[in-house]
Enquirer: 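Sharing a structure below in structure tokens format, with a few things to ask.
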Amino acid sequence: MTTTAPRGSHSPTSGESQHHQHILQENGPAKGLITGINHLVLFTRDMDEGVRFYRDLLGLRVVRTVRFTTSADGLRTAANHSSGGAVESESEPSAIAVTMTVRQVFFEMGNGELFSLYEAPHVAEKPAAPVSSVLWPSVKSELCSQPVEPQKMDHLSFDVPKHADLVWFRKHLLAHGVAVSEISERRGVNNTHRFISSFYFFDPSGNPLEIASFDASDAAWQSYDFSDWFMDEEPVPALLDDSPEDVQPLAPHWVHPSAE
């Protein structure tokens, strides 16, 4: 049986519980309105190479292609933006504006969420490595540079439904010459904590990627103690604001989808 550590308690010794049960998990009038990711964007040095990787190897469907200049005029006329600064001529250039011509390709994932690539001149030959770079294959030094400071986005993880799909994808990438890590399982105190299973690799432009699975169909999730996920012994104040002392941890939406 797990125990709840009091707020502000000491760091646990081996065998002690690390979780907080009194985390305020949902709050505010927008609760539940966001249902997923609409799209994510990464840079590629070579769009032809990127399309062959994401469409042919990872199996994503191409749904939109466009080329435009990143100025207000380019966004309005070529990318067909119809609001914000793009609808008006710029009286004076923004101090942070970067004007370049980019290709963009949108790919659809199986659940309707989109992933997109920009191809642009002068994309870094070696993008910054992810913070937890030890998780990626040893070829990372050939593809990435040491980060000088944290980036806008550390890495991108794609989801597959089942652990068996994860195993299949790893073998699939290896068979096509892509260096991949071993499969990583998230465990915790006494090996009871579980989260996602995943492995790590790079795309041809050095973008750090991951394929992961919750294996949502696993019946073990139905009786799992999700308070085991609250392991930070010093959570920020926002996580503890107005949190009822007797609150039960909320399961992720994918565990009980019919009840949402």
Side-chain angles (χ1 to χ4, degrees), residues 1-2 4 17-28 30-40 42 54-55 57-61 63 106-116 130 132 135-136 153-175 178 180-201 203 207-232 235 239 243 247-260:
M1 178 177 179
T2 56
T4 303
S17 171
Q18 298 186 59
H19 65 238
H20 287 267
Q21 292 185 348
H22 304 307
I23 295 293
L24 185 62
Q25 292 178 259
E26 294 183 331
N27 196 35
K31 180 177 68 176
L33 287 180
I34 292 179
T35 59
I37 292 172
N38 186 283
H39 67 278
L40 297 163
L42 294 180
Y54 286 97
R55 182 197 62 194
L57 199 55
L58 297 191
L60 306 186
R61 177 183 296 177
V63 295
F106 281 90
F107 304 83
E108 183 192 19
M109 293 177 272
N111 59 1
E113 295 175 340
L114 301 180
F115 165 73
S116 176
S132 300
L135 294 171
W136 270 260
M153 186 172 71
D154 187 76
H155 67 280
L156 174 59
S157 181
F158 294 107
D159 183 67
V160 292
K162 299 180 180 179
H163 193 278
D165 300 324
L166 193 71
V167 174
W168 181 91
F169 239 121
R170 184 176 181 276
K171 292 179 179 178
H172 171 65
L173 293 177
L174 281 171
V178 178
V180 300
S181 73
E182 296 294 327
I183 292 177
S184 176
E185 307 284 355
R186 273 69 170 177
R187 299 298 184 196
V189 176
N190 298 324
N191 207 37
T192 58
H193 171 73
R194 63 190 303 228
F195 187 42
I196 60 175
S197 303
S198 68
F199 66 87
Y200 303 86
F201 59 105
D203 79 357
N207 291 308
L209 303 175
E210 178 182 13
I211 292 181
S213 179
F214 290 108
D215 201 5
S217 62
D218 186 343
W221 288 120
Q222 302 301 321
S223 57
Y224 185 73
D225 180 4
F226 288 98
S227 63
D228 278 350
W229 285 6
F230 302 136
M231 298 185 292
D232 185 357
L239 288 172
S243 177
V247 68
Q248 293 299 309
L250 299 172
H253 290 80
W254 46 259
V255 174
H256 305 293
S258 60
E260 299 299 333

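Both backbone and side-chain heavy atoms feed into the values below; hydrogens, waters and symmetry mates do not.
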Enquirer: If the condition is side chain to side chain contact (heavy atoms under 4.5 Å, CB included), which residues does Leu57 pass it with, not counting sequence neighbours?
Expert: Phe53, His172, Leu173, His176, Val178

Enquirer: With sequence neighbours left out, write down each residue that passes salt bridge (Lys or Arg N to Asp or Glu O under 4.0 Å) with Asp218, or none if nothing qualifies.
Expert: Arg194

Enquirer: Determine the minimum heavy-atom distance between Val180 and Phe201, stating which atoms define it.
Expert: CG1-CB, 3.9 Å

Enquirer: Only counting residues at least two apart or in another chain, list the ones meeting salt bridge (Lys or Arg N to Asp or Glu O under 4.0 Å) with Glu182.
Expert: Arg170

Enquirer: Taking side chain to side chain donor-acceptor pair (under 3.5 Å) as the definition, give me every residue that meets it alongside Asn38, ordered by chain and number, with sequence neighbours left out.
Expert: none

Enquirer: If you look only at distance, which donor and acceptor atoms sit under 3.5 Å apart when one is on a side chain in residues 158-169 and the other is two or more places apart or in another chain?
Expert:
residue: His163; atom: NE2; partner: Glu185; partner atom: OE2; Å: 2.9
residue: Asp165; atom: OD2; partner: Lys162; partner atom: N; Å: 3.0

Enquirer: Side chains of His193 and Tyr224, heavy atoms from C-beta outward: is any pair under 4.5 Å?
Expert: yes

Enquirer: Could you tell me which non-hydrogen atom of Ser198 sits nearest to which non-hydrogen atom of Glu210, and how far apart they are?
Expert: OG-OE2, 2.6 Å

Enquirer: If we only count heavy atoms from C-beta on, is the Ile23 to Trp229 side-chain gap below 4.5 Å?
Expert: no

Enquirer: How about Phe226 and Val255: do any of their side-chain heavy atoms sit closer than 4.5 Å?
Expert: yes

Enquirer: Determine whether the side chains of Ser213 and Asp215 contain a donor N or O and an acceptor N or O closer than 3.5 Å.
Expert: no

Enquirer: Heavy atoms only: give me the nearest Ile196-Arg186 pair and the separation to one decimal.
Expert: O-CD, 3.1 Å

Enquirer: Output all residues satisfying side chain to side chain donor-acceptor pair (under 3.5 Å) with Gln222, sequence neighbours left out; order by chain, then residue number.
Expert: His256

Enquirer: Report the distance from atom CE of Met109 to atom NE2 of His39, rounding to the nearest 0.5 Å.
Expert: 10.5 Å

Enquirer: Can you tell me how far apart OH (Tyr200) and CG (Leu209) are? Round to the nearest 0.5 Å.
Expert: 12.0 Å

Enquirer: Can you name the side chain to side chain contact (heavy atoms under 4.5 Å, CB included) partners of Ser116, sequence neighbours left out?
Expert: Val41, Gln104, Phe106

Enquirer: What are the two closest non-hydrogen atoms of Pro235 and Asp232, and how far apart are they?
Expert: CD-O, 3.3 Å

Enquirer: What do you reckon, is CG of Leu33 surrounded by more than 12 foreign heavy atoms closer than 6.0 Å?
Expert: yes

Enquirer: Just to verify, what does Leu250 make a side chain to side chain contact (heavy atoms under 4.5 Å, CB included) with, not counting sequence neighbours?
Expert: Gln25, Glu26

Enquirer: Is there a side-chain contact between Pro249 and Asp225, using heavy atoms and a 4.5 Å cut-off?
Expert: yes

Enquirer: Apply side chain to side chain donor-acceptor pair (under 3.5 Å) to Ser181 and list each qualifying residue two or more places apart in sequence or on a separate chain.
Expert: none

Enquirer: Can you list the residues that meet the side chain to side chain donor-acceptor pair (under 3.5 Å) rule with Arg61, with sequence neighbours excluded?
Expert: none

Enquirer: With a 4.5 Å heavy-atom cut-off, do Trp221 and Pro252 have their side chains touching?
Expert: no

Enquirer: Do Leu135 and His155 have side chains that approach each other closer than 4.5 Å (heavy atoms only, starting at C-beta)?
Expert: no

Enquirer: Of all residues at least two apart in sequence or in a different chain, which pass the side chain to side chain contact (heavy atoms under 4.5 Å, CB included) check with Asn207?
Expert: Leu42, Asp203, Ser205

Enquirer: Measure across Leu156 and Phe115 and return the closest heavy-atom pair with its distance rounded to 0.1 Å.
Expert: CD2-CE1, 3.3 Å

Enquirer: When rounded to the nearest 0.5 angstrom, what distance separates CH2 in Trp254 from CZ in Phe214?
Expert: 5.5 Å

Enquirer: Sequence neighbours excluded, which residues qualify as salt bridge (Lys or Arg N to Asp or Glu O under 4.0 Å) partners of Arg55?
Expert: none

